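First the structure, in the form of structure tokens, and then the observations on it.
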Amino acid sequence: MGSARREVVSLQLGHYSNFVGTHWWNGQEAALCYDAEPCEPNPEITTTTLFREGLTLQGQPTYTPRLILIDLKGSLSSLKQEGDLYGVTRPEPALTWKGNLMVHKEDPEVKNLFLQQLDSLSGMVDSNRNHNSMTFQAEGRAAPLSVTERSLNLPQSAYRLESNVRVWSDFLRVHLHPKTISVIQQYNHSSASDRFEAFGFGEKLMCDPSFLDDFEDRLHFYIEECDYLQGFHVLCDLQDGFAGLSAKVVELLNDEYGSRGIFTCGFTPTSYTDTNPMREVHRLLNSVMGIVYLASRSSAFCPMSLNRNALSRKHLSPVTFPHVLYDASLNYHSSSLLATALETLTVPYRLHSSTISLSQLTDALNQSGRKVVAASACIPFAMRDTDTVPDVLSAHHTELPWSSLSPSGDFKENRCFAQSVVLRGISNQQQISNLAPGLKGASILHTCPTGEEVLHAFLHSHFPTTLSAVHLVQSPCKVTTPYPQFFTHSFNKQGQLLRSGLSSASAVESIPVMTALQSSPIWHRVLHNLYQEVSRLNLRKFSSFLSASTELDDFKEVLEELKTLAQCYKMDSDMDGSDEDSESE
């Protein structure tokens with residue numbers, strides 16, 4: 001594993017965020033090297049940034065996410081809250097009643113085939129652990145506590161995860177530490193009544209002394225073992241009570257660790273199964289308060305969704321990718337694409353060779369109060385094994401290769417104030433054109449001597465006055481089981497395009513990805529439109545939202561803060577009076 005230790009503590013708050021987080025950790029775990037198989041001699045990405053090393057009760061090394069995960073009662077399915085890595089058991093409550101007792105027990109959740117095979121393979125690993133322990137220790141590697149991809153020998157289709165995944169724990173393959181999972185017992189995930197749907201419910205929860213003490217105990221456990229804490233990742237649901245809980249959590253992090261970076265991502269599902277006009281308004285109100293509070297208290301705040309109009313009641317078609325056939329109604333599908341983008345967006349401060357930290361990256365993006373940033377991605381970055389990056393990018397001289405993952409409606413924007421661009425999964429040989437001496441390149445990109453210069457030249461052609469940071473990484477994104485196999489059959493196992501007319505029946509195991517994290521003027525129109533839409537509502541009609549400890553005057557003040565935040569993104573070249581014109585419409 002890596003020797004550099006610049007740790008980040010991650011927090012996941014909300015059910016959809018835990019879908020995203022599960023894919024994120026699964027992908028990282030698939031890239032770890034646990035056993036005696038050949039490993040990458042000089043890995044580019046530092047695994048200890050996000051993973052912690054520990055020991056089981058038998059003294060075996062383990063790697064678990066440095067993570068606090070919060071969800072509602074009933075969201076774990078068959079997963080134990082304390083995990084199964086360390087043999088921790090929850091104590092039975094002491095009984096003082098002397099009379100007759102009647103015990104009611106629920107039948108255990110039936111695990112899907114994927115989880116059943118994980119359990120079976122974990123049992124085989126346990127039975128061989130003592131035999132293998134000395135061998136692995138002698139070679140300087142950890143005992144194989146993880147299930148290797150080679151062991152999951154069934155084809156992806158055999159697991160039928162599209163129909164068998166109900167909650168995020170149904171496809172979790174990584175071990176979790178006992179300090180990771182916190183369950184909110186006051187609300188039930190599947191309850192049709194008493195829903196955790198208002199911002200104020202989350203705020204009140206953080207004021208509960210028992211909940212706060214438990215949260216701080218988990219937080220301090222992870223922080224106290226860090227050598228150098230870079231900061232925090234906060235993944236949160238933006239349109240329900242978790243927005244309020246996340247706002248309070250980020251406030252606590254900012255108060256106690258203000259010098260550290262806090263990168264917050266607010267997620268919204270692509271679609272909802274339980275929607276009606278009242279709930280649509282509640283989601284808008286939660287979004288307003290979440291954006292204002294999370295943006296003000298984080299180093300950078302990035303709303304992310306494949307629903308292009310998640311910040312409005314207007315319905316648009318979801319984001320599309322040229323070589324991905326995903327089902328937008330499945331959280332299991334949509335969250336995997338957001339997780340792939342997140343894994344690449346966070347690469348710059350997780351590299352062995354990088355001198356940039358999380359706070360330095362966010363500081364470069366959030367100047368002049370512009371803490372709301374936009375994410376975009378090209379998934380996968382499609383190129384043939386005979387192509388080079390200059391070949392692919394030069395074909396995009398009039399448009400950008402990526403799709404927006406931040407809800408921006410119908411708006412298009414080709415300007416930005418600052419940006420961080422990452423391209424991963426491309427070998428050094430394919431990053432440049434390698435022209436023979438004396439030959440003239442097809443474009444200026446073909447004459448660049450390094451991949452970094454190729455990217456800088458491409459970005460300069462689209463954003464000539466923008467501060468751009470670029471990173472190229474050869475390590476691709478892992479998309480092995482249980483990642484959805486929704487790619488077209490035009491890719492080989494390494495995510496490279498096949499020649500025209502060919503089709504592959506092999507599952508894709510890794511893909512190249514390109515992402516951009518931008519401080520963009522597009523937020524001027526998106527946030528101002530959100531302000532306008534909510535301002536037109538008669539808020540007194542939504543007493544259930546206001547009864548959750550949110551005062552009407554306080555919400556109106558938040559609305560004004562949203563309007564002010566939108567103005568931070570207005571460029572001098574924008575037409576004067578555009579806001580007033582759109583208000584009069």
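By convention here, the first residue in the shown sequence is residue 1. Atom set for the values below is all heavy atoms of this structure, side chains included, hydrogens, waters and symmetry mates excluded. Since we're looking at a predicted model, the values are computed, not measured.
Between E29 and R173 there is a salt bridge, with a side-chain nitrogen of the basic residue lying less than 4.0 Å from a carboxylate oxygen of the acidic one. Note on K248 versus E251: salt bridge recorded, some NZ/NE/NH1/NH2 to OD/OE distance being below 4.0 Å. For the pair D274 and R195, the salt-bridge criterion is met [side-chain N within less than 4.0 Å of a carboxylate O]. A salt bridge does not link D170 to K111: none of the charged nitrogens lies less than 4.0 Å from a carboxylate oxygen.
Residues L50 and S10 are in side-chain contact: their nearest non-hydrogen atoms beyond the backbone lie under 4.5 Å apart. Taking 4.5 Å as the limit, every side-chain heavy atom of V165 sits out of range of all side-chain heavy atoms of L330.
Remark: H396 NE2 is packed, more than 12 non-hydrogen atoms of other residues, nucleotides or ligands lying under 6.0 Å away. When the shell of 6.0 Å around CZ of R384 is examined, it contains 12 or fewer heavy atoms from other residues, nucleotides or ligands.
The backbone N or O of E7 lies less than 3.5 Å from no partner atom in the side chain of Q230, so there is not a single donor-acceptor pair. A donor-acceptor pair under 3.5 Å is formed between the side chain of R370 and the backbone N or O of C568. A donor-acceptor distance shorter than 3.5 angstrom exists from the side chain of T466 to the backbone of C416, with no hydrogens or angles considered. No side-chain donor-acceptor contact under 3.5 Å links E343 to the backbone of T340.
Counting only N and O atoms by type, the side chains of E533 and S312 include a donor and acceptor under 3.5 Å apart. E162 and H333 share a donor-acceptor pair across their side chains, judged by distance under 3.5 Å alone. Counting only N and O atoms by type, the side chains of N18 and Q12 include a donor and acceptor under 3.5 Å apart.
With ring centers used as reference points, F242 lies under 6.0 Å from F196. Aromatic ring centres of H15 and F19 lie closer together than 6.0 Å. Aromatic ring centres of F114 and F171 lie farther apart than the 6.0 Å criterion allows. Ring to ring, W24 and H233 are close: their centroids are under 6.0 angstrom apart. Checked against the 6.0 Å centroid threshold, H23 and Y332 count as a close aromatic pair.
For the side-chain contact (heavy atoms from CB on, under 4.5 Å) with I291, the lone residue among L311, V558, V526 that qualifies is L311.
Residue pairs meeting the ring pair (Phe, Tyr, Trp, His ring centres under 6.0 Å) criterion with at least one partner in residues 287-318, sequence neighbours excluded, are F199-Y293. The ring pair (Phe, Tyr, Trp, His ring centres under 6.0 Å) pairs that include a residue from residues 399-419 number zero, where partners must be two or more places apart or lie in different chains.
To the nearest 0.5 Å, atom CG of residue N309 and atom OG1 of residue T268 are 11.5 Å apart. Distance CZ/F487 to OH/Y326: 13.0 Å, rounded to 0.5 Å. How far OG of S169 is from CG of L76: 6.0 Å, rounded to the nearest 0.5 Å.
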